[in-house]
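Numbered from 1 within each chain, the chains take letters A, B, ... in sequence-line order.
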Amino acid sequence: MFIQKPKGTYDLLPGRSFQRNFIETKLREVFSDFNYSEIRTPAFEKTSLFRRGIGEETDIVSKEMYSFNEDEFTLKPEMTAPVIRAYLENSLYNESPLKKLFYISNMFRRERPQAGRFREFSQYGAEAIGSGDYLIDAEMILLADTILKKFGIYDSKIKINTIGSLSERENYIKVLKNYLSKYINELSADSRRRFETNPLRILDTKDKKDLEVLKDAPLLYDYLNEDTKSFFEKILFNLKLLNVNYETDYRLVRGFDYYTSTTFEFTSESLGAQNSLLGGGRYDLLVEQLGGKPTPAIGFAAGIERFEMILEEKKFCFPSEKEIILYVASIGEESKISALNIMNSLRNSGIKCETDFLNRSVKSQMKEANKCNARYAVVIGENELKNNSFQLKKMSDGNEISITNFENLIEYLKNENQTSSS
RNA sequence: GCGGGUAUAGCUCAGUAGGUAGAGCGUCAGAUUGUGGUUCUGAAUGUCACGGGUUCGAGACCCGUUACUCGCCCCA
């Protein structure tokens with residue numbers, strides 16, 4: 001057997017790779033409309049960046065990272081920490097108090113692969129660093145929503161919550177643990193474990209008995225102070241003004257330690273078990289945690305593979321690849337060389353063309369021209385070279401027109417190419 | 001880390017009650033000497049995932065391994 005690709009990876013083959021490029025191009029357009037600039041960071045970072053940024057106790061850091069060189073480096077499992085690192089390292093805060101950055105990049109997590117989940121996967125996302133204004137929260141959610149709508153996705157569900165500040169949360173966790181401790185024996189094994197490691201995440205459970213217990217549990221929202229609540233309400237109010245259809249979900253908790261205040265998630269029914277299409281939120285403590293000055297920030301990340309799954313489900317109409325204008329069939333050494341010459345001129349004018357490199361029969365070459373969807377075909381043999389005259393065949397109807405002279409042929413195709421591409 | 005499913009040609013799959021492999025699609029070639037699409041003819045390609053067992057004989061039955069896949073956990 002051949003050596004196979006590593007588990008959880010995939011090859012982007014011709015066709016699919018074209019669609020991926022289309023998606024990325026369109027994403028860049030929308031990000032640009034919102035005045036976000038692209039940032040690219042290394043594929044790997046110092047392991048300590050993720051330990052400090054994402055949180056030692058999170059699943060990702062504790063068991064899903066690809067680390068090497070005796071744990072010195074790690075392939076990036078997410079982009080927020082690297083973006084903030086680059087932001088600080090390059091003093092981007094000196095350029096302007098608010099930096100709006102976006103990225104499209106691949107990530108690595110050592111998880112068990114399944115539908116919509118890979119070990120190497122791609123995300124697009126945005127980070128707005130430097131503003132604590134509620135309107136940037138609203139704009140961030142609007143940005144994510146706009147992207148989906150640009151691709152014809154109108155039915156994803158937007159869930160929003162606020163998890164308050166660190167101290168509000170710590171307060172609440174005490175109350176929650178106090179409440180849950182009375183029912184600890186009724187909780188699922190998972191929730192009992194989380195009771196110690198990450199009590200907030202118990203709110204996320206899908207276990208029926210857990211949900212029963214949680215029904216009367218205290219709500220985080222009730223333990224937030226008025227400022228936090230009114231900040232949240234202002235975001236909601238403005239989303240309404242912007243016609244963004246959200247729903248509040250007071251049990252929405254995010255997995256990384258760095259989130260504060262606003263959190264949101266977009267889900268889609270058509271995704272199967274991994275129905276989370278996009279997730280994000282505010283992380284006002286991270287910049288400081290990574291050694292910068294206290295700086296409010298907010299961002300989101302979306303999975304490109306899951307995005308593609310939805311587009312496929314919705315039968316999104318991708319444009320087709322640039323068509324081959326001319327297929328040059330040749331007979332013999334001399335005409336092969338001329339063929340390459342003609343193509344050289346055509347390509348210099350941006351005209352896509354192809355010829356045979358397998359020394360096949362004219363019949364086979366014509367079949368090839370047909371298969372690759374060439375708009376025109378021309379046969380170059382001794383006669384054509386001697387008379388400097390060509391039969392240009394239109395593949396769609398089989399009609400041929402006579403053209404004398406290389407230059408005329410090239411001119412003719414140039415005109416044809418222009419009329420089609422407009 | 002824990003469960004379920006699957007494993008036959010490049011792809012989609014047949015393979016009957018165990019008798020040492022087939023179809024469709026695709027690929028390639030040919031149907032008068034230099035012209036595609038339809039049609040016809042022909043060709044190539046499989047250690048039937050791997051290892052062991054039962055049997056005179058296993059792609060089919062049993063056991064193990066591996067890979068893939070779907071789910072749990074968590075996440076995009």
- For the pair made of NZ in A:Lys5 and P in B:A67, what is the distance, rounded to whole Å? 12 Å
- Whole-angstrom distance between B:U38 and B:A31, as gauged at atom C1': 14 Å
- Message: Taking only the P atom of each, what is the distance from B:C70 to B:C62 in whole angstrom?
- Response: 26 Å
- Any sub-3.5 Å donor-acceptor pair from A:Thr9's side-chain atoms to A:Lys5's backbone N or O? no
- Item | Residues in contact with RNA chain B, drawn from residues 32-43 of chain A - heavy-atom cutoff 4.0 Å | none
- Message: Please give the distance between the P atoms of B:G64 and B:G3 as a whole number of Å.
- Response: 13 Å
- Spacing of A:Met309 atom CE relative to B:C70 atom P, expressed in whole Å: 8 Å
- Query: So does A:Asp216 pair up with A:Lys182, basic N to acidic O under 4.0 Å?
  - Reply: no
- Message: Can you confirm whether more than 12 heavy atoms, excluding those of A:Glu72, are under 6.0 Å from its CD atom?
- Response: yes
- Message: At less than 4.0 Å, is any side-chain N or O atom of A:Lys371 found next to OP1 or OP2 of B:G37? Yes or no.
- Response: no
- Query: Whole Å only: how far is the CD atom of A:Gln365 from the C1' atom of B:U35?
  - Reply: 10 Å
- Message: Can you check the distance between B:U69 and B:U8, where both ends of the measurement are the P atom (answer in whole Å)?
- Response: 14 Å
- Task: Sticking with atom P, work out how far B:A58 lies from B:A49, rounded to a whole angstrom.
- Result: 15 Å
- Sidechain N-carboxylate O distance under 4.0 Å for A:Lys394, A:Glu400: no
- Give the nucleotide from the list B:G34, B:A76, B:G71 with an atom nearest to the side chain of A:Gln114. B:G71
- Query: Hey, does A:Ala369 reach any base, or is it just sugar-phosphate, or nothing, if we go heavy atoms under 4.0 Å?
  - Reply: nothing
- Task: Could you check whether A:Phe118 gets within reach of a base, just the sugar-phosphate, or nothing at all, counting any heavy atom under 4.0 Å?
- Result: base
- Query: Are any side-chain N or O atoms of A:Thr263 and backbone N or O atoms of A:Val253, one a donor and one an acceptor, separated by less than 3.5 Å?
  - Reply: no
- Message: Strictly below 4.0 Å, N to O, side chains only: are A:Arg119 and A:Glu111 in salt-bridge contact?
- Response: no
- Task: Enumerate the residues from residues 277-287 of chain A whose closest heavy atom to RNA chain B is under 4.0 Å, giving them by residue number; use none for an empty result.
- Result: A:Leu277, A:Leu278, A:Gly279
- Letter per nucleotide, 5' to 3', of nucleotides 1-6 of chain B [B base touched, S only sugar-phosphate touched, - untouched; heavy atoms, 4.0 Å]: BB----
- Figure out the OH/P separation between A:Tyr10 and B:U69, and round it to whole Å. 13 Å
- Query: Would you say the side-chain atoms of A:Tyr172 pair up with the backbone N or O of A:Pro218, donor to acceptor, closer than 3.5 Å?
  - Reply: yes
- Query: Of the candidate nucleotides B:A76, B:U35, B:C28, which contains the atom at the shortest distance from the side chain of A:Arg109?
  - Reply: B:A76
- Note on the structure: Taken to the nearest whole Å, NZ/A:Lys76 to P/B:A76 is 15 Å
- Query: Rounded to the nearest Å, what distance is computed from the CG atom of residue A:Leu148 to the P atom of nucleotide B:A76?
  - Reply: 15 Å
- Residue set satisfying ring pair (Phe, Tyr, Trp, His ring centres under 6.0 Å) with A:Phe300, at least two apart, ordered chain then number -> none
- Query: Under the criterion side-chain contact (heavy atoms from CB on, under 4.5 Å), which of A:Glu305, A:Arg109, A:Met107 is the partner of A:Phe118?
  - Reply: A:Glu305
- Those residues that, when tested against A:Phe34, pass ring pair (Phe, Tyr, Trp, His ring centres under 6.0 Å) (two or more places apart): none
- Taking atom P of B:C70 as reference, at what distance in whole Å does atom NZ of A:Lys7 sit? 12 Å
- Item | Residue pair A:Phe232 / A:Tyr221, side-chain heavy-atom distance below 4.5 Å | yes
- Item | Cation-pi check, A:Lys177 onto A:Phe195 ring (under 6.0 Å, within 45° of axis) | yes
- Query: Is the distance from OP1 or OP2 of B:U38 to the nearest side-chain N or O of A:Lys367 less than 4.0 Å?
  - Reply: no
- Query: Is A:Thr74 close to A:Phe68 at the side-chain level, that is, under 4.5 Å between some pair of heavy atoms?
  - Reply: no
- Note on the structure: Regarding the side chain of A:Ser361, the nearest nucleotide among B:G30, B:G36, B:A76 is B:G30
- Message: Tell me if the side-chain of A:Gln391 makes a donor-acceptor pair with the base of B:G34, cut-off 3.5 Å, by modelled atom types.
- Response: no
- Task: Looking at every strand, decide which applies to A:Glu384 at a 4.0 Å heavy-atom threshold: base, sugar-phosphate, or nothing.
- Result: base
- Note on the structure: Of B:U35, B:C28, B:A76, the nucleotide closest to the side chain of A:Met366 is B:U35
- Distance test, side-chain N/O of A:Arg306 to OP1/OP2 of B:C75, below 4.0 Å: no
- Query: Is there a side-chain polar atom (N or O) of A:Ser364 under 4.0 Å from OP1 or OP2 of B:G36?
  - Reply: no
- Atom-to-atom span, CG of A:Asn275 to P of B:C72 - whole angstrom: 10 Å
- Please check if atom CD in A:Glu38 has more than 12 non-hydrogen atoms from other residues, nucleotides or ligands closer than 6.0 Å. yes
- Query: More 5' along RNA chain B: A:Gly398 or A:Ile304, using each one's nearest nucleotide?
  - Reply: A:Gly398
- Please tell me which of the listed nucleotides, B:U35, B:A76, B:G36, lies nearest to the side chain of A:Asn370? B:G36
- Query: Does A:Arg306 use its side chain to pair, donor to acceptor, with the backbone of A:Ser276 at less than 3.5 Å?
  - Reply: yes
- Query: Contact class for A:Gly116 vs. all strands (heavy atom < 4.0 Å): base, sugar-phosphate, or nothing?
  - Reply: base
- Message: So that I can compare with my own list, what are the stems of RNA chain B, taken as at least three consecutive Watson-Crick or G-U pairs with distances under 3.5 Å?
- Response: B:1-7 with B:66-72, B:10-13 with B:22-25, B:27-31 with B:39-43, B:49-53 with B:61-65
- Item | Out of B:U35, B:A76, B:C28, whichever nucleotide has its closest atom nearest the side chain of A:Arg360 | B:C28
- Message: Between B:C25 and B:G42, how far apart are the two P atoms, rounded to whole Å?
- Response: 14 Å
- Message: Would A:Arg51 and A:Glu56 count as a salt bridge (Lys or Arg N to Asp or Glu O under 4.0 Å) here? Give the steps.
- Response: CA-CA 5 Å; A:Arg51 283 203 211 284; A:Glu56 204 79 49; 3.3 Å; yes
- Task: Answer yes or no: is there a donor N or O on one side and an acceptor on the other, between the side chain of A:Lys76 and the main chain of A:Thr41, under 3.5 Å?
- Result: yes
- Message: Give me the distance, rounded to whole Å, that separates B:U55 from B:G19 when you measure between the C1' atoms they each carry.
- Response: 12 Å
- Message: When the C1' atoms of B:G71 and B:G26 are compared, how many Å lie between them, rounded to an integer?
- Response: 34 Å
- Message: So A:Ser105, base contact, sugar-phosphate only, or nothing? Heavy-atom distance under 4.0 Å.
- Response: nothing
